[in-house]
Peer 1: 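Could you have a look at this structure, given as structure tokens, before my questions?
Atoms within a ligand are numbered from 1 in the order they appear, just like the ligands themselves. Note that the numbering runs from 1 along the sequence shown for the chain.
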Amino acid sequence: MSAELLKGSQLAKRVRSQIRRKLKKLTFTPGLAVVQVGDDPASTLYIKHKQRDCEKVHFHSEVHRLPADINQDTLIAHVEALNARTDIHGILVQMPLPAGIDKEAVIDRISPQKDADGLNPVNLGNLLINRESVTPCTPTGIIRLIERTGEQIEGKHAVCIGRSPLVGKSVGLMLLNRNATVTYCHSRTVDVTAEVQKADIIVAAVGRPAFVTADMVKPGAIVIDVGINHVNGRAVGDVKFEEVKEVAGFITPVPGGVGPMTRAMLLENTLKLAIGG
Ligand code: NAP
């Protein structure tokens, strides 16, 4: 293997220790509220992990489980009630929401000052104008992983495969804010391979297993695999790891790469919101 492995689980552990150290200087306990609508088993598992993370850094956490047939106004009223609580500093509404609920309408109503996911339009707008405040967890974790390589982002050509606000579009903006030259690929891109071949930094957020193959990767490139795809009961990424690791300079594993950093950044965002900056 020629690529250096970017271990998100190790870096996340370090982030949690830093948070615990910062917490010692606080006179109150940061609180995170997670809202789950319905009982999707994957969401239940993700939430359990988030609660465990909160315990590790001694945050207060609570889960609000609401029925799948809740109407949108009642859900929004619940979010508004959390906005008003002084002991809750971060609010996260677990996605996906049941059909019939407009997720944007719900995210709109999370106070930007309590938006632990960084997906409220005010926080995304700040990201757009390079006034980053609370930024989405997965892109923020990706930036940390890239910084961990010791390579400069400035001047690099980054290619993001995927353009969702949750991952692709936001990480592209964060890279642009750090003076990378950014290309976005998406389902209408004519020749994805040709675009990716030019990249010094590849962020694969497509949701298709083995989408990025070795022939697409410039030798020495930083390859960040965001994908989580379930194949034969196993979680696999968007990158054909076994062959790409022979070409790349750095590569994230799945699992143990971007996922743990996403969770660590949720804790960091909650702390940031708790201390008001
Ligand atoms: P998404 O909203 O479905 O976006 C997928 C993106 O891929 C879209 O922009 C889509 O283009 C693009 N795409 C689809 N087929 C393509 C193709 N053939 N060529 C080029 N682009 C193509 O997914 P997401 O929420 O961004 O998540 C992406 C992946 O990351 C998923 O596997 C998800 O599970 C994973 N994820 C992981 C974490 C983590 O913590 N590790 C966090 C979030 C997401 P269009 O816009 O044109 O449709």
Side-chain angles (χ1 to χ4, degrees), residues 5-12 15-16 34 40-43 45-50 52-53 92-97 103-104 107 116-119 124 127 135-146 148 158-175 182-199 202-213 215-217 223-241 251-269:
L5 206 56
L6 289 171
K7 290 185 187 154
S9 28
Q10 254 176 28
L11 190 53
V15 171
R16 288 195 299 270
V34 179
D40 172 60
S43 294
L45 183 67
Y46 291 145
I47 290 171
K48 199 180 277 180
H49 288 153
K50 285 166 188 165
R52 205 176 302 152
D53 289 339
L92 180 155
V93 177
Q94 184 69 43
M95 300 295 157
L97 290 173
K103 76 168 183 182
E104 308 298 346
I107 295 172
D117 249 348
L119 292 169
L124 286 178
L127 168 58
T135 47
C137 300
T138 302
T140 311
I142 293 170
I143 296 294
R144 293 296 172 80
L145 284 162
I146 297 172
R148 186 88 193 113
V159 175
C160 304
I161 322 172
R163 57 173 167 180
S164 70
L166 184 67
V167 191
K169 194 178 281 179
S170 296
V171 77
L173 289 171
M174 291 186 82
L175 288 161
V182 179
T183 300
Y184 286 101
C185 293
H186 46 79
S187 65
R188 315 293 164 87
T189 300
V190 174
D191 190 346
V192 175
T193 297
E195 300 298 340
V196 176
Q197 278 171 342
K198 296 179 214 153
I202 300 167
V203 180
V206 199
R208 289 178 180 229
F211 187 86
V212 176
T213 48
D215 60 303
M216 297 165 87
V217 178
V223 180
I224 306 291
D225 189 353
V226 190
I228 303 176
N229 309 290
H230 298 282
V231 178
N232 301 326
R234 253 182 75 224
V236 299
D238 289 344
V239 174
K240 215 166 180 180
F241 183 83
I251 189 166
T252 59
V254 176
V258 174
M261 282 306 288
T262 297
R263 283 164 46 195
M265 293 303 104
L266 176 65
L267 299 174
E268 246 196 34
N269 277 351

Peer 1: Could you go through ligand 1 and list every pair where one of its N or O atoms sits under 3.5 Å from a protein N or O, giving the atom names and the distance to one decimal?
Peer 2:
| unit_1 | atom_1 | unit_2 | atom_2 | d |
| --- | --- | --- | --- | --- |
| ligand 1 | 9 (O) | R163 | N | 2.9 |
| ligand 1 | 11 (O) | S187 | N | 3.2 |
| ligand 1 | 15 (N) | R208 | NE | 3.3 |
| ligand 1 | 21 (N) | H186 | O | 3.4 |
| ligand 1 | 21 (N) | S187 | N | 3.4 |
| ligand 1 | 26 (O) | S164 | OG | 2.5 |
| ligand 1 | 32 (O) | I228 | N | 3.1 |
| ligand 1 | 32 (O) | I228 | O | 3.4 |
| ligand 1 | 40 (O) | T262 | OG1 | 2.9 |
| ligand 1 | 41 (N) | V226 | O | 3.4 |
| ligand 1 | 46 (O) | R163 | NE | 2.7 |
| ligand 1 | 47 (O) | R163 | NE | 3.4 |
| ligand 1 | 47 (O) | R163 | NH2 | 2.8 |
| ligand 1 | 47 (O) | S187 | N | 3.1 |
| ligand 1 | 47 (O) | S187 | OG | 2.5 |

Peer 1: Measuring from atom CD1 of I224 to atom CG of D238, what distance do you get when rounded to the nearest 0.5 angstrom?
Peer 2: 12.5 Å
Peer 1: Can you name the residues that form a side chain to side chain contact (heavy atoms under 4.5 Å, CB included) with R16, not counting sequence neighbours?
Peer 2: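 With sequence neighbours excluded, R16 shows a side chain to side chain contact (heavy atoms under 4.5 Å, CB included) to A12, K13, R20, D53, K56, V57, L267, given in chain and number order.
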Peer 1: Do L127 and P136 have side chains that get closer than 4.5 Å, going by heavy atoms?
Peer 2: yes
Peer 1: Measure the shortest side-chain to side-chain distance between V258 and I142 over non-hydrogen atoms and say whether it is less than 4.5 angstrom.
Peer 2: yes
Peer 1: Within the 4.5 Å heavy-atom criterion, are K50 and L92 side-chain neighbours or not?
Peer 2: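 They are in side-chain contact.
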Peer 1: Under a 4.5 Å cut-off applied to non-hydrogen side-chain atoms, are F211 and V192 in contact?
Peer 2: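 Yes - at least one pair of side-chain heavy atoms lies under 4.5 Å apart.
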